[in-house]
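Each chain gets a letter, A, B and so on, in the order the sequences are listed, and its residues count up from 1.
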Amino acid sequence: MSREQQAVARARKAFETGRSKSVEHRIRQLKNLQRLFTEKQSVISAAVKKDLNKSEAGTQLYETLGLEGELNTAIKHLKEWAAPRPVEKNLLTISDTVYIKPEPLGVVLIIGAWNYPWAVTIQPLIGAIAAGNAAVIKPSEVCVHTAKVMEDLLPLYIDKELYPVVTGGVSETQELLRQRFDHIFYTGNSVVGKLIMEAAAKNLTPVTLELGGKSPCYIDKNCDLTIACRRVAWGKYTNCGQTCIAPDYILCEPSIQDRVIEEVKKAIKEFYTDNPKTCPDYGRIINQRHFKRIMNMLEGSTVAAGGDNEESDCYIAPTVLRDVKPEAKVMQEEIFGPLLPILSVSGLDEAIKFINKGEKPLALYCFSSDNKVINRMTDETSSGGFLANDCLVHFSVGALPFGGVGNSGMGCYHGKYSFDQLSHLRSCLIKKLNMEGVNRMRYPPHTLKKLGWARFFILNSVDLGWVGRMALLAVMAVVAAVVLQYYLL
Amino acid sequence: MSREQLAVQRARKSFQTGKSKPLEYRIHQLKSLLRFITERRRDIADAVKKDLGKSANGTELFETLGLEGEIKLAIEKLAEWAAPRPVEKNLLTITDEVYVQPEPLGVVLIIGAWNYPWSVTLQPLVAAIAAGNAAIIKPSEVSSNSSKVMEELLPQYLDKDLFPVVTGGVSETQELLKQKFDHVFYTGSSTVGRIVMEAAARHLTPVTLELGGKSPCYIDKNCDISMACRRITWGKFVNCGQTCIAPDFVLCEPSIQSRVVEEIKKCIKEFYTENPETFEDYGRIINQHHFKRLMGLMEGSTVAVGGGSDESQCYIAPTVLQDVTGESKVMKEEIFGPLLPIITVSGVDEAIQFINEREKPLVLYVFSNDNKLIKRVIAETSSGALLANDCLVHFTVSALPFGGVGNSGMGCYHGLHGFNQLSHLRSCLIKQLNMEAFNNMRYPPHTDKKLGWARFFLLKQLNVGRVRRMALLAALAGLAAFVVQRFLQWG
């Protein structure tokens, strides 16, 4: 038996003992995870620094703070999320118990990514644990140092049979994908996403795919360009552009292009100093392969800001490209790096047309002071999420489902959505062995009269609240009449 | 270009004009669908009679009534379902607009099944139309008469570009599955379900798979066995057992097996007369292939009731098999026919074990007066749905999501669940280009002080509702104090 097979078999055995199901167990494991982040903050930050050159504060701000929030939310709300959810009754179920019961699915496979290795690997884990599952955690091998830290630290805090960490590369992942899971949660790119779904299909395993794409950013000429560009620059160059919801490219009218470039340049200087290479808060490209990939994309486009780079350091300066054409190399795939192309469009119409020609993105950004522009943009396009007048921050609103559509993914998570995504919401209808008379209308022989009754009960889905009120009034009226009569007489 | 490719292309082009999106249009199409069912009741009933031997009243009761209910519900609730759904705000979004906007996905492929050809093909269509999509409708070729009627009549009621009916067999379906859709909704077997999902994976198309399995039915000895058996008999032999949520087999203690057999025998006689073959409300097996399959399943098991058959008519009598074991032929696959095996177990423990050794079913039935026992079964098993003390009827509660888990499927529908399943629920956050000072805590350089502020805003997820209530109370207290002081001064 391979190492992967063993881990999955052990996790399934552990799940079958039932011990991951009790709310107390789930909360305990989540609290242990909380401790991990408070106690091992420096180990985590050191690894992320080696992988992505992120500063310690940056790691906290962009990775672990969000996780702490999700953990707090899950611990606080778990009982409520896991409780049976009563549903609206109809005439036929008026005396029954009708509810939806959230249940664990079983063994979940979580395949993490390398760009925010903690956030995108542990957030799904929080959902998996909260929902009562076992989970096999496969961190990305590309973030070498973080994968090792995860492999070392997680077993010290959470149940190592229920939640094993399985490290490795392509062949280990393929071996994992041959096993049977009850759900697969994958964060990464669309190409691999297809392979994952194909593998999952063999076992009829449902999947959540958090993919990517080119997230457009439209800047209307009617808006505070200074603030807009500041927010766009922040959204773009955080983690060196290696963010699934980074604004991939800008669409704006030619009349404001120069101004946009100026403002972005100003913001770059403000955030990352005159020499981003030496700024502790400016990151690096994850590895040489991606460095080369991104550098190649510059071909054929005009650099308006930045452009300097150093291969041995995997350093690429915050870069802006101007007058970019749709056929340019940089527009052929998701950039996932610190290159910000600006494409000119004649206005909102052309912007919408351009956006709709491409695949549905994970996020769509629109900067405008004009509500009509924003409304048109939402009405006439589709995307995983939509954010007006800022970048990235919809990610931190736990009440909003986070996920893609079309090529950018399927399924969603965060907060309660994580819990629901990794649960089976089982319909339960508890009837009694009485009132058999009502059922006569459904038994053969099927007469017109019986059909009439069935029609009444199934189609007149009366608002029980209203019926209840009328019934109550009627009863009260009768009682009043009886009492009056009794006392008057 | 193949016929299938053309249909999909036309549907997509039509969807891209935006015409399926306005609520008025969706309601108009749904009302047309309702008219179709009422005006063409005869045509539908005739087709189903030819396909499955169902009576006209049976077709109304088990196919079109539920459909009418779903359409009416969708029409009534559409504005509510399609409206933006505001979400709870946090400290950082307190002045923003935050909501989830349901949107159409695009072009949906609906692959129907033959057992309730109208219900399982058109119910997903109701959801697709309600959600603003275009939809290709591929009825099952096995229920050939219904498929033909759908192909001829549906275009007379619904937009034929947006909602084309594409008929055909395996190769036409394969050709359809090569095209790109925004969602594929499939009802049928797990084997084909895998193939559908694999095909969908190539386009990253999400799927809803309504599959099947062997739905267990546990009868506790503590219950009104007479009533329980009545309901089970009905659930099993409706449509000749060809129901995805039919009780596939019975588990009970040996001490009540004879009683169960007796009671079911009584009910069969009550429902289907002494001679079900000539009885109008007893159906037929869909075709010879399934007839032979079912007759083969009986091999090696003891017939306690029924067993009669007539190949030329695809007739199999309501049959009960007793003393069946887990290894019997009839327990190797979903029966989907009028054979009811009874397997004896020593009690609920063994029943739960037996159930858990097998794939998760679409539905689990438990008959018992003991609430504790029912709760145990719920807690220790998994299934698409669980219904205690009756069969099938959870299907008609549209507030309950209808779907499987594991081998019995993924996704769910009915009512709002169908609408949501075929929509994209898009997160929308509309901020303003002001209060930029606030954002300083997130911009580099990342200092500990800024981090402290971020920590405060992100982690102190104050329940805004509660804050408002406290603020209100405080205001009221202040006002009361002021008023009292004023009046005390007067006095």
Student: Under a 4.5 Å heavy-atom cut-off, does chain B meet the side chain of Arg231(A), its backbone, both or neither?
Tutor: both
Student: Given the options Asp224(B), Leu105(B), Asp390(B), which has more heavy-atom pairs under 4.5 Å with chain A than any of the others?
Tutor: Asp390(B)
Student: Where does Leu65(B) contact chain A at under 4.5 Å (heavy atoms): side chain, backbone, both or neither?
Tutor: both
Student: Please indicate whether Lys180(B) has more than 12 foreign heavy atoms, meaning atoms of other residues, nucleotides or ligands, lying under 6.0 Å from its NZ.
Tutor: yes
Student: What part of Ser383(A) gets within 4.5 angstrom of chain B, counting heavy atoms only: side chain, backbone, both, or neither?
Tutor: both
Student: Between His183(B) and Thr205(B), does any side-chain donor sit less than 3.5 Å from a side-chain acceptor?
Tutor: no
Student: With a 4.5 angstrom heavy-atom cut-off, is it the side chain or the backbone of Ile378(B) that approaches chain A, or both, or neither?
Tutor: both
Student: Please look at Glu70(B) and chain A and tell me whether the side chain, the backbone, both or neither of the residue comes under 4.5 angstrom of a heavy atom of that chain.
Tutor: neither
Student: Could you give the distance from CZ (Phe386(A)) to OH (Tyr99(B)), rounded to the nearest 0.5 Å?
Tutor: 7.0 Å
Student: Quick one: does Asp281(B)'s side chain have a donor or acceptor within less than 3.5 Å of a partner on His446(A)'s backbone?
Tutor: yes
Student: With a 4.5 angstrom heavy-atom cut-off, could you sort out which part of His424(A) is near chain B: side chain, backbone, both or neither?
Tutor: side chain
Student: By side chain to side chain donor-acceptor pair (under 3.5 Å), which residues pair with Asn439(B), not counting sequence neighbours?
Tutor: Glu436(B), Arg442(B)
Student: Below 4.5 Å from any heavy atom of chain B, which atoms of Ser190(A) appear? Answer side chain, backbone, both or neither.
Tutor: both
Student: Most heavy-atom pairs under 4.5 angstrom with chain B, which of His394(A), Gln60(A), Met441(A)?
Tutor: Gln60(A)
Student: Between Ser427(B) and Pro401(A) (side chain of the first, backbone of the second, donor and acceptor by atom type, cut-off under 3.5 Å), is there such a pair?
Tutor: yes
Student: Using heavy-atom distances under 4.5 Å, tell me whether Ser55(A) contacts chain B through its side chain, its backbone, both, or neither.
Tutor: side chain
Student: Taking the six-membered ring for Trp, are Phe402(B) and Phe395(B) closer than 6.0 Å centroid to centroid?
Tutor: yes
Student: Using a cut-off of under 4.5 Å for heavy-atom pairs, which of Val393(A), Leu364(A), Leu425(A), Val207(A) has the most such pairs with chain B?
Tutor: Val393(A)
Student: Would you mind checking which part of Thr381(A) comes under 4.5 Å of any heavy atom in chain B, side chain (CB onward), backbone (N, CA, C, O), both or neither?
Tutor: both
Student: Side-chain donor-acceptor pair under 3.5 Å between His183(A) and Thr208(A), yes or no?
Tutor: yes
Student: Of all residues at least two apart in sequence or in a different chain, which pass the side chain to side chain donor-acceptor pair (under 3.5 Å) check with Lys360(B)?
Tutor: none
Student: What distance do Leu91(A) atom CG and Leu459(A) atom CG have between them, rounded to the nearest 0.5 Å?
Tutor: 11.0 Å
Student: Give a yes-or-no answer on whether the side chains of Thr381(B) and Arg426(A) include a donor-acceptor pair shorter than 3.5 Å.
Tutor: yes
Student: For the residue pair Glu436(A) / Asn439(A), report whether a side-chain donor-acceptor contact shorter than 3.5 Å exists.
Tutor: yes
Student: Measure distances from Val393(B) to the heavy atoms of chain A and classify the residue's part below 4.5 Å as side chain, backbone, both or neither.
Tutor: both
Student: Please state whether the side chain, the backbone, both or neither of Arg85(B) comes within less than 4.5 Å of a heavy atom of chain A.
Tutor: neither
Student: Non-hydrogen atoms of chain B under 4.5 Å away: do they reach the side chain of Asn407(A), the backbone, both or neither?
Tutor: both
Student: Shorter than 4.5 Å, heavy atoms on both sides: which option in Arg455(B), Arg202(B), Arg231(B) has the most such pairs with chain A?
Tutor: Arg231(B)
Student: Rounded to the nearest 0.5 Å, what's the gap from OG1 on Thr93(A) to CD1 on Ile430(A)? Could you check?
Tutor: 12.0 Å
Student: Among Ser368(B), Ser382(B), Gly58(B), Gly193(B), which residue has the highest count of heavy-atom pairs closer than 4.5 Å to chain A?
Tutor: Ser382(B)
Student: Just so I understand: if I count every heavy-atom pair under 4.5 Å between each of Ala388(B), Gly409(B), Ala200(B) and chain A, which residue has the most?
Tutor: Ala388(B)
Student: With a 4.5 angstrom heavy-atom cut-off, could you sort out which part of Phe62(B) is near chain A: side chain, backbone, both or neither?
Tutor: side chain
Student: Chain A: which of Ser55(B), Ser190(B), Gly18(B) shares the most heavy-atom pairs with it under 4.5 Å?
Tutor: Ser190(B)
Student: With only heavy atoms counted, which part of Phe279(B) is less than 4.5 Å from chain A, the side chain, the backbone, both or neither?
Tutor: side chain
Student: Relative to chain B, which segment of Ile374(A) carries a heavy atom at a distance below 4.5 Å: side chain, backbone, both, or neither?
Tutor: side chain
Student: Can you say whether Lys432(A) sits under 4.5 Å from chain B via the side chain, the backbone, both, or neither, judging by heavy atoms?
Tutor: backbone
Student: With a 4.5 angstrom heavy-atom cut-off, could you sort out which part of Lys431(B) is near chain A: side chain, backbone, both or neither?
Tutor: both
Student: Tell me if the CG atom of Asn440(B) is crowded by more than 12 foreign heavy atoms within 6.0 Å.
Tutor: yes
Student: Which residue out of Thr205(A), Thr273(A), Asn371(A), Leu209(A) racks up the most heavy-atom pairs below 4.5 Å with chain B?
Tutor: Thr205(A)
Student: For Thr378(A), is it the side chain, the backbone, both, or neither that has a heavy atom closer than 4.5 Å to a heavy atom of chain B?
Tutor: both
Student: In terms of heavy-atom proximity below 4.5 Å to chain B, should Lys101(A) be classed as side chain, backbone, both, or neither?
Tutor: side chain
Student: Find the one option among Glu380(A), Arg455(A), Met410(A), Lys450(A) whose heavy-atom pairs under 4.5 Å with chain B are most numerous.
Tutor: Arg455(A)
Student: Please check if the side chain of Ser408(A) supplies one atom and the backbone of Lys360(A) the other of a donor-acceptor pair under 3.5 Å.
Tutor: yes
Student: With a 3.5 Å distance limit and no angle check, can you tell me whether Asp96(B) reaches the backbone of Val98(B) through a side-chain donor-acceptor pair?
Tutor: no
Student: Looking at chain A, which one of Gly69(B), Pro206(B), Ala56(B) has the largest number of heavy-atom pairs inside 4.5 Å, strictly under?
Tutor: Pro206(B)
Student: Will you find, in the side chains of Glu280(B) and Tyr272(B), an N or O donor that is under 3.5 Å from an N or O acceptor?
Tutor: no
Student: With respect to chain B, which residue among Trp234(A), Tyr272(A), Tyr62(A), Phe367(A) yields the maximal number of heavy-atom pairs within a distance under 4.5 Å?
Tutor: Trp234(A)
Student: For Asn356(A), is it the side chain, the backbone, both, or neither that has a heavy atom closer than 4.5 Å to a heavy atom of chain B?
Tutor: neither
Student: Top residue by heavy-atom pair count (under 4.5 Å) with chain B, among Asp224(A), Leu65(A), Val87(A)?
Tutor: Leu65(A)
Student: Rounded to the nearest 0.5 Å, how far does CD1 of Ile268(B) lie from OG1 of Thr273(B)?
Tutor: 11.0 Å
Student: Given a strict heavy-atom distance threshold of 4.5 Å, which part of Leu195(A) is in contact with chain B: side chain, backbone, both, or neither?
Tutor: neither
Student: Grab the two heavy atoms, one from Pro318(B) and one from Phe237(B), that are nearest each other, plus how far apart they are.
Tutor: CA-CE2, 3.5 Å
Student: Given that the side chain runs from C-beta out, which part of Asp96(A) has a heavy atom under 4.5 Å from chain B: side chain, backbone, both or neither?
Tutor: neither
